[in-house]
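To find a chain, count down the sequence lines: A is the first, B the second, and so on, and within it residues start at 1. Model, not experiment: these values are computed from the prediction.
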Amino acid sequence: MNSSNDHYVAPYDDAVSFDELPDSAPSHKFRLSFTGWLGTIIVVFWTIVAVSGPFIAPFGENELPFPDAYSEFQAPQPGAWLGTDVSDRDILSRIMYGASRTMGISFLATVLAYMIGVVFGIGSAVSSPRVDMILSRINDAFLSLPTIMLGLVVVAAVGSSIPVLILTAGVIYASVIFRLSRSLGMEIKVMDFVEAAQARGEGRWWIITKEIWPNAAMPLLTDFGLRLIYVILFISSLSFLGLGVQPPQADWGSMVRENLGALQYGTSIIPVIAPALAIATLTVGINLIVDDVSAHSGGKLSNRL
Amino acid sequence: MFSLILKRLGVGLITVLAVSMIIFAGTKILPGDAAQIRLGQQATEANVAAMRERLGLDKPFIVQYANWLTNFAKGDLGVSLSSDVPITSLIGDRYKNTLFVSSLTALIGVPISLMLGIMAAMFPGSLYDRILTFVSVSLVAAPEFFTATLLVLLFVFALGIGNAVVVGSTENKGLFELIAHFALPITTLCFVIASQLIRMSRAAVLNVMSSPYIEMAVLKGIPRKRIIFRHALLNAIGPIVNVVALNLAYLVTGVIVVEVYFGYPGLATLIVQGVQTRDFVLIQGLGMIFCLTYVVLMLIADIAAYASNPRLRHPK
């Protein structure tokens, strides 16, 4: 019997360092985990496809790869690597065109939502309580509606086009950003350094741009990915319902809709699974990055929502 | 407590009014009017004017809105513009179909997801927990039609069970036949709510588990199982009810895409048709039904949160 075993030795692990103690100072090193890297690779890949897709796609958006042999849902073969869709168009090319359209619309809509939401949110936080209350109540009414329903009403009223889609998604999702930036503004407004600035006699504009904004920017930025996911899902769902991007323009959501027949009649699975997989990998990829970033920032993000 | 709930009910009522205004005004900015659409392009001026009077379209906006709202409250949703049939008869069985699928989803999906979520919270950091978290993180971000496609591939193509499209009538069928008939839409919807439910119920239990009184229970040497079931879970019930109501509200949106995907004869396919044919009387009525359901579920979520959290009940 080895006597040294009788003494209890605290388990020592090289991986445990003081940085990871719960009350250590927040570390500024930011490392992506494996899943985070995976997400980054996926998102970078789709971004490259979206930017260069229309230029490197083997066929045009509505071009037939085999004009002489027309037949819907052709199997993958040299020339059309993912086969053809319901109108015998090349699926690979349409996915590449769809990437720029789906991602472009979603990105612009999210940026718009941020511009509206942040301006009104921080504005509401620093204005008089009455203005703040009115703005918040209006915002609550928007928040209490299912987003897709609002989208349906707008599309029914003014018809669907790409500018309408961007505007609609931008305005609908601005209400979430409004709430987030308003609560951030409220939180920062009562901090000592803001009071110090007020005591110094700084104007309201200075306080917003130089005191509140720099402190609200980072948490808002970490939230961007999450909003982008919801906007992508919203736009794709609308397109899937036939109310978003209109045919013959390629868009991932509308591609799933157009080719649904292939699945329902058991012809082929690629025309449906390819665009659906494209959306899913993109959103899951963004989500993996968001998860890493919010774990890094202490998960406080989720509490604010 | 009761005054707070009353206050919340009041806010809910105001929300419903605001929602109805948004829907009504939204469908009113349409170019062209209902009388013209119903009579077609060939109608004479006099006919259109007569129809406008019959539909009450000549009255001021506020009066039209008030009439529409009181009719809605009485259960009269108006007459469809595209098919000239009362909306209520268009809805017919569809209401039951949608309700059937949603309630079965809730009955099956909610208990399973809660169990999975609570089990994940019992063993945080374990392999089971990490796999479940990864799967739910992926599922939560994937669109409904992706989940639906995967399920169709698995069940219809690989196993040869079920249909990729819901066909045939639902009448004269027993409960089990109906369940088999609607198996794929229900499973898809279960996945849609499960991903959120698992994450949120796990977080709710973990949140309680990190409170000092649980630490005290651990220090006293109470077995883990007993701590979870006797100490933690009781305090997590409120947040969990809140989570369930929130997710059933999400179901209202999820059901739209899933119904269209499977060609399911429900309310959602009807409203999508309404948007395509620009039948805004139909959109107004159905939109209100969807939004009302959503608002009521959100209300329940809020009241559950109030009822379970003394800090919210007695704000400083």
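Taking the side chain as every heavy atom from C-beta outward, B:Gln276 and A:Leu241 never approach each other to under 4.5 Å. Looking at heavy atoms from C-beta onward, A:Ile269 lies in side-chain contact with B:Leu153 at the 4.5 angstrom threshold. Considering only heavy atoms from C-beta on, B:Phe145 comes within 4.5 Å of A:Ser236 through its side chain.
The CG atom of A:Leu150 lies 7.0 Å from the SG atom of B:Cys291; values are rounded to the nearest 0.5 Å.
Of residues 271-281 of chain A, those residues with a non-hydrogen atom less than 4.5 Å from any non-hydrogen atom of chain B are, in numerical order, A:Val272, A:Ile273, A:Ala276, A:Leu277, A:Ile279, A:Ala280.
Neither the backbone nor the side chain of A:Val154 has a heavy atom closer than 4.5 Å to any heavy atom of chain B. At a 4.5 Å heavy-atom cutoff, B:Gln284 makes no contact with chain A through either its backbone or its side chain. Of the two parts of A:Leu152, the backbone and the side chain both hold a non-hydrogen atom closer than 4.5 Å to a non-hydrogen atom of chain B. Of the two parts of A:Arg137, neither the backbone nor the side chain holds a non-hydrogen atom closer than 4.5 Å to a non-hydrogen atom of chain B. Proximity to chain B is limited to the side chain of A:Leu233, based on heavy atoms less than 4.5 angstrom apart.
Counted within 6.0 Å of CZ on B:Phe146, heavy atoms from surrounding residues, nucleotides or ligands total more than 12; the atom is thus considered enclosed. Counting non-hydrogen atoms of other residues, nucleotides and ligands closer than 6.0 Å to CZ of A:Phe107 gives a total of 12 or fewer. Annotation: B:Tyr294, atom OH; neighbour count of heavy atoms from other residues, nucleotides and ligands within 6.0 Å is above 12.
Heavy-atom minimum distance, B:Pro143 versus A:Thr283: CD-OG1, 4.4 Å. For A:Thr35 against B:Phe134, the heavy-atom pair with the smallest separation is CG2-CE1, 3.9 Å. Listed here is the closest heavy atom pair of A:Ile229 and B:Ala141: CG2-CB, 4.2 Å.
Here B:Ile271 is the residue among B:Thr147, B:Ile271, B:Asp279 with the most heavy-atom pairs under 4.5 Å with chain A.
A side chain to side chain contact (heavy atoms under 4.5 Å, CB included) with A:Met149 is found for one member of B:Ile256, B:Leu286, B:Val19, B:Ile283 and no other, namely B:Ile256.
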